[in-house]
Each structure stands twice: as structure tokens, then as C-alpha cells.
Amino acid sequence: QVQLVESGGGLVQAGGSLRLSCAASGRTFGSYAMGWFRQAPGKEREFVAAIAWGDGSTYYGDSVMGRFTISRDNAKNTVYLQMNSLKAEDTGVYYCNANSGLRAIVTMTGRPSWGQGAQVTVSS
């Protein structure tokens with residue numbers, strides 16, 4: 001499995017932006033699809049975005065479509081989540097995820113690797 005470490009969380013006002021980073025180590029980063037999930041207090045973990053390892057295809061959850069952008073830099077073994085037009089409901093712990101493909105990430109199947117999480121708080 002691959003080891004993942006998130007960074008870039010923090011406190012931001014509604015309407016602002018943040019960029020999360022997820023650094024990977026261990027097995028070959030370029031062979032994994034990468035994704036982001038989030039979990040708000042008292043709620044289930046929610047899919048946010050995912051990016052394929054081959055052609056870079058992306059997929060987003062409905063609640064972040066058009067506001068968030070996922071990208072990856074295979075040379076740096078890093079995946080990013082650019083979050084714009086943040087809302088209070090975007091508050092939560094954001095987790096980086098690696099898996100064998102986009103479908104596995106979205107359906108939370110297979111053998112995922114998870115980071116420790118990064119707190120994002122959006123004040124209204």
C-alpha cells in the first residue's frame with residue numbers, strides 16, 4: 001500500500017479558497033487513482049473528487065462540482081484539491097485516498113489507503 005499525508009487545511013471565511021495537498025510514499029504513486037473524501041461531525045464520510053492515474057480523468061461529487069478541482073503531479077507524488085467559493089457546509093476533515101481505479105474510489109471498494117486527515121473549517 002501507499003502512505004499518504006495531507007496538508008493545507010485551516011480556517012477560511014465563506015467565499016474563500018484553500019488548497020489541500022496529499023503527499024504519497026511507498027509503492028509507485030503513478031499506478032494509483034487518487035481521491036478526496038470529507039467527513040463532517042456526526043455525518044458519514046462523503047466522496048469529494050477523484051483522478052485517474054492514466055489519462056487524468058476526473059470525477060466530482062455533486063456538492064463540489066464547479067467549485068473544487070483535483071489535480072496530480074506524478075513527478076512529485078502529490079495530489080491536490082483546490083477549493084474555491086467555500087461554504088460553511090464544506091467544513092469537515094478531508095481525507096486523501098488511493099485505490100486501484102476511479103470506480104474503486106467512488107464505491108469505496110478494493111483496498112484503499114487513507115491519510116490521517118486535514119481539518120477544513122469555513123466560517124459563515
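Reckoned from all heavy atoms, side chains included, excluding hydrogens, waters and symmetry mates. The structure presented is a predicted model; accordingly, all values stated were derived computationally and were not measured.
Taking CD of Glu89 as the reference point, atom NZ of Lys43 lies at 8.5 Å (rounded to 0.5 Å). Atom CD of Gln39 sits about 11.0 Å away from atom CD of Gln119, to the nearest 0.5 Å. Interatomic distance, Met34 CE to Ser113 OG, rounded to the nearest 0.5 Å: 8.5 Å. Within the model, atoms CG of Asn84 and OG1 of Thr69 stand 6.5 Å from one another, a figure rounded to the nearest 0.5 Å. Residue Arg67 holds its CZ atom at 9.5 Å from CE of Met83, rounded to the nearest 0.5 Å. Once rounded to the nearest 0.5 Å, the distance linking OG of Ser57 with CD1 of Ile70 reads 11.5 Å.
Ring geometry for Tyr95 against Trp114 counts as perpendicular: the plane angle is over 60°, on a 0 to 90° scale with 30° as the lower cut.
Under the 4.5 Å side-chain criterion, counting only non-hydrogen atoms from C-beta, Lys87 is not in contact with Ser124. With a 4.5 Å cut-off on side-chain heavy atoms, Cys22 and Trp36 count as touching. Put simply, the side chain of Asn74 does not reach to within 4.5 Å of the side chain of Trp53, judged on heavy atoms. For the pair Cys96 and Val79, the minimum side-chain heavy-atom distance is below 4.5 Å. The shortest side-chain heavy-atom distance between Ile105 and Tyr32 does not fall under the 4.5 Å cut-off. By the 4.5 Å heavy-atom criterion applied to side chains, Val120 and Leu20 are counted as neighbours. Looking only at side-chain heavy atoms (C-beta outward), Gln82 and Ser17 come within less than 4.5 Å of each other.
Within the cation-pi definition used here (under 6.0 Å to the ring centroid, within 45° of the axis), Arg19 qualifies as a partner of Tyr80.
Residues Met65 and Leu86 are members of one and the same hydrophobic cluster, defined by side-chain heavy-atom contacts under 4.5 angstrom among Ile, Leu, Val, Met, Phe, Trp and Tyr. Under a hydrophobic clustering in which Ile, Leu, Val, Met, Phe, Trp and Tyr are joined whenever their side-chain heavy atoms come within less than 4.5 Å, directly or via other members, Val122 and Leu11 fall into different clusters. In this structure, Phe37 is not a member of the same hydrophobic cluster as Leu18, with clusters built from ILVMFWY side-chain heavy atoms closer than 4.5 Å. The hydrophobic cluster containing Val64 also contains Val12, counting ILVMFWY residues as joined when their side-chain heavy atoms lie under 4.5 angstrom apart, directly or transitively. One hydrophobic cluster, built from ILVMFWY side chains closer than 4.5 Å, holds both Leu4 and Ile51.
Side chain of Tyr94 to main chain of Leu81: no donor-acceptor pair is present (N/O by atom type, distance under 3.5 Å, no hydrogens or angles). Formation of a donor-acceptor pair under 3.5 Å by the Thr78 side chain with backbone atoms of Lys76 is found in this model. For the pair Asn99 (side chain) and Ala33 (backbone), a donor-acceptor distance under 3.5 Å is absent. Of the possible donor and acceptor atoms, one in the side chain of Arg72 sits under 3.5 Å from a partner among the backbone N and O of Ala52. Side chain of Glu6 to backbone of Gln116: a donor-acceptor contact under 3.5 angstrom is found.
What you find for Val2 and Ala24 is that their closest heavy atoms are CG2-CB, 3.7 Å. In terms of heavy-atom proximity, Leu102 sits nearest to Ala50 at CD2-CB, 3.5 Å. Scanning both residues, Asp90 and Ser85, for their nearest heavy atoms gives OD2-O, 4.4 Å.
Centroid-to-centroid, the aromatic rings of Phe47 and Tyr59 come within less than 6.0 Å.
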